[in-house]
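Okay, structure first, notes after.
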There are 2 protein chains.
Amino acid sequence: MLTTQRKQHILAVLQRDGQIVAKTLSQELDLSEDTIRRDLRELAAEGLLQRVHGGALPASPAVVDFAGRSTIASDGKAAIGRVAAEMINDGQVVILDGGTTAVQLARHLRADLKATIVTHSPSVAVELAQHPSVEVILIGGRLFKHSVVAVGVAALESLGHIRADLFFMGVTGVHAEAGLSTGDHEEAYMKRALMARAAETVVLASAEKINAASAYVIASLAEISGIITEHGVADALLEPLGAAGPSITLA
Amino acid sequence: MLTTQRKQHILAVLQRDGQIVAKTLSQELDLSEDTIRRDLRELAAEGLLQRVHGGALPASPAVVDFAGRSTIASDGKAAIGRVAAEMINDGQVVILDGGTTAVQLARHLRADLKATIVTHSPSVAVELAQHPSVEVILIGGRLFKHSVVAVGVAALESLGHIRADLFFMGVTGVHAEAGLSTGDHEEAYMKRALMARAAETVVLASAEKINAASAYVIASLAEISGIITEHGVADALLEPLGAAGPSITLA
DNA sequence: CTTGACGTTGCACGAAATTGCACGATAACT
DNA sequence: AGTTATCGTGCAATTTCGTGCAACGTCAAG
């Protein structure tokens, strides 16, 4: 591969995932880490990205989120999205909730996946529009602006026609006793309705959601099949769940 | 093989693959790498491609502007959006079509506007989610990926409950005789349905749409109330419409 | 038919670019 | 503090580049 093109690829990956891990990329492109590091250094010199220990982050200060990371995080939401995306098989009907993690999932679907994705999140729908083969069903309704998802009777009514294999749900709190919760009453109701339409529900929860609880309870942990979250945070905290609870997958 | 022909072949391969590898091409054409390099140098001198170590890349570095094209809207579309946004009054129910111009419209709504916006475009919905006061109704359905709008029976059914004052419609062709047209059959059907639910329809048409016609006709010019387009282009061309046709507003 | 100008091609050789590895330094993790 | 992973630099091997030059074919003038 031509080096110029490789650099473009690096920038594209950076744009897509929000970060670059030197080691991962070297394996992906079948090049030594030295070469990747050289590229990253040069791109950093051009101001096209920001070099950090372990890889690189976007240069644009707009993305420099809280506290300005100085290390590559454990991939965070992108990693959760990647792992979740791999759980979907050809031919399945999958419901996708709203939220940034769900957008990451949509972004990391296999390019040749032939499945039907149902979502009430316009953001997810926009992302999925770029996928070459999945069928996308958009659930309409009144837009709940805070979370940018459709809710209300119209949305619930549309769901009546849906029967899904899997529902990837976003929540704002996962707690051993309080269960799954979110910050809005109507949103909680909508999520319960979505759960009811799917054979299994898997929760996507980035680190900060673990062992937190919000005002409105969606369901208990016993009612879901699995939780996908990040390394390091949840290990001990969710352990007490034992065999009765959902399976926990670490990204 | 003639050298001129070979150069055309090189450009064709470049067009197809997005890159040229000197070594590969030399084997493919059974010529020395020197010759290929010479050709590449000459083509680069003519500005037809970009020379890089190992081969060549397209001259216009595949303007795959990250973030996806929508970021850069032409001034024209933004102006059209601004003008259209001013036509909406408090208390009205307005249907917004898909397309970049509609997104611009959504972006330029008065911050204190109290209206209900109905849309079948997830992109528009995402944009409107940032508006503090408008009520947003998202029309769901099967996602037509090319235009990123919901279509199909579910979408049509949802429309049954809607009664709007105004419909801002995007089209791909506005032609004095052919009328309003678009490139997809199902999309044309959806637009007709949306027209039927609104008291008045106003077409948003950036410069390149004027006096163009696409495969599927939506309606005649007599059926709409107005067209909003840019200065300079449409002035003379649409003049023959006279008093019978829609009013034309220039942005 | 011969000859020489011209363009094209392949080869040779030194220059430049790219890559992977080694090694000491640095930073993160425990 | 000690351990591990990552970084940066120097260096050598390989690939690619550019230029000069000779070989070959074409074509038109002699």
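In this text, all values refer to a predicted model and were calculated from it rather than measured experimentally. So that the names make sense, note that chain A is the first sequence line, chain B the second, and so on, each numbered from 1.
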For the backbone of Q19(B) and the side chain of D17(B), can you confirm whether one donor and one acceptor N or O come within less than 3.5 Å of each other?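 Side chain of D17(B) to backbone of Q19(B), a donor-acceptor pair under 3.5 Å: no, none is there.
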task: Look at the side-chain N and O atoms of T35(B) and state whether any lies under 4.0 Å from the OP1 or OP2 oxygen of dG10(C).
output: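 For dG10(C), OP1 or OP2 has a side-chain N or O of T35(B) closer than 4.0 Å.
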Indicate whether OP1 or OP2 belonging to dG18(D) is found under 4.0 Å from a side-chain N or O atom of R51(B).
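The answer is yes; a side-chain N or O of R51(B) sits under 4.0 Å from OP1 or OP2.
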Using whole Å, report how far [atom1] of [X] lies from [atom2] of [N].
X	N	atom1	atom2	answer
L40(B)	dT19(D)	CG	P	14 Å
L25(B)	dT16(D)	CG	C1'	15 Å
L29(B)	dT8(C)	CG	P	16 Å
I36(A)	dG8(D)	CD1	P	14 Å
L2(A)	dT15(D)	CG	P	16 Å
H53(A)	dA5(D)	NE2	C1'	6 Å

From the set [options], return the single nucleotide nearest to any side-chain atom of [X].
X	options	answer
K23(A)	dT6(D), dC21(C), dC17(D)	dT6(D)
A22(A)	dG10(C), dC7(D), dT9(D)	dC7(D)
R6(A)	dT9(C), dC17(D), dT19(C)	dT19(C)
D34(B)	dC11(C), dC17(D), dT19(C)	dC11(C)
R41(A)	dT9(C), dC17(D), dG8(D)	dG8(D)
R37(A)	dC7(D), dG10(D), dC17(D)	dC7(D)
L31(B)	dT9(D), dG18(D), dT9(C)	dT9(C)

- prompt: Can you find an N or O donor on one side and an acceptor on the other, under 3.5 Å apart, linking the side chain of R38(A) with the base of dG20(C)?
  reply: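 Yes, the side chain and the base share a sub-3.5 Å donor-acceptor pair.
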query: Within a radius of less than 6.0 Å around CG of D30(B), do more than 12 heavy atoms belonging to other residues, nucleotides or ligands occur?
result: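 It does not: D30(B) CG has 12 such atoms or fewer within range.
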field: Touch class at under 4.0 angstrom, heavy-atom based, for V52(B) against every strand present
entry: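 V52(B): backbone/sugar contact only, no base atoms under 4.0 Å.
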With nearest nucleotides of DNA chain C determined for E33(A) and D39(B) from heavy-atom distances, which residue corresponds to the more 5′ nucleotide?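 Whichever sits nearer the 5' end wins; that is D39(B).
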### Query
Going by atom types alone, do S214(B) and T172(B) pair a side-chain donor with an acceptor below 3.5 Å?
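Judged by distance alone, the side chains do pair up.
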Query raised in the report: Any chance the side chains of S26(A) and E33(A) put a donor and an acceptor closer than 3.5 Å?
Result: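 No.
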About how many Å separate CD of E186(A) and OG of S147(A), when rounded to the nearest 0.5 Å?
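Between S147(A) OG and E186(A) CD, I get 10.5 Å after rounding to 0.5 Å.
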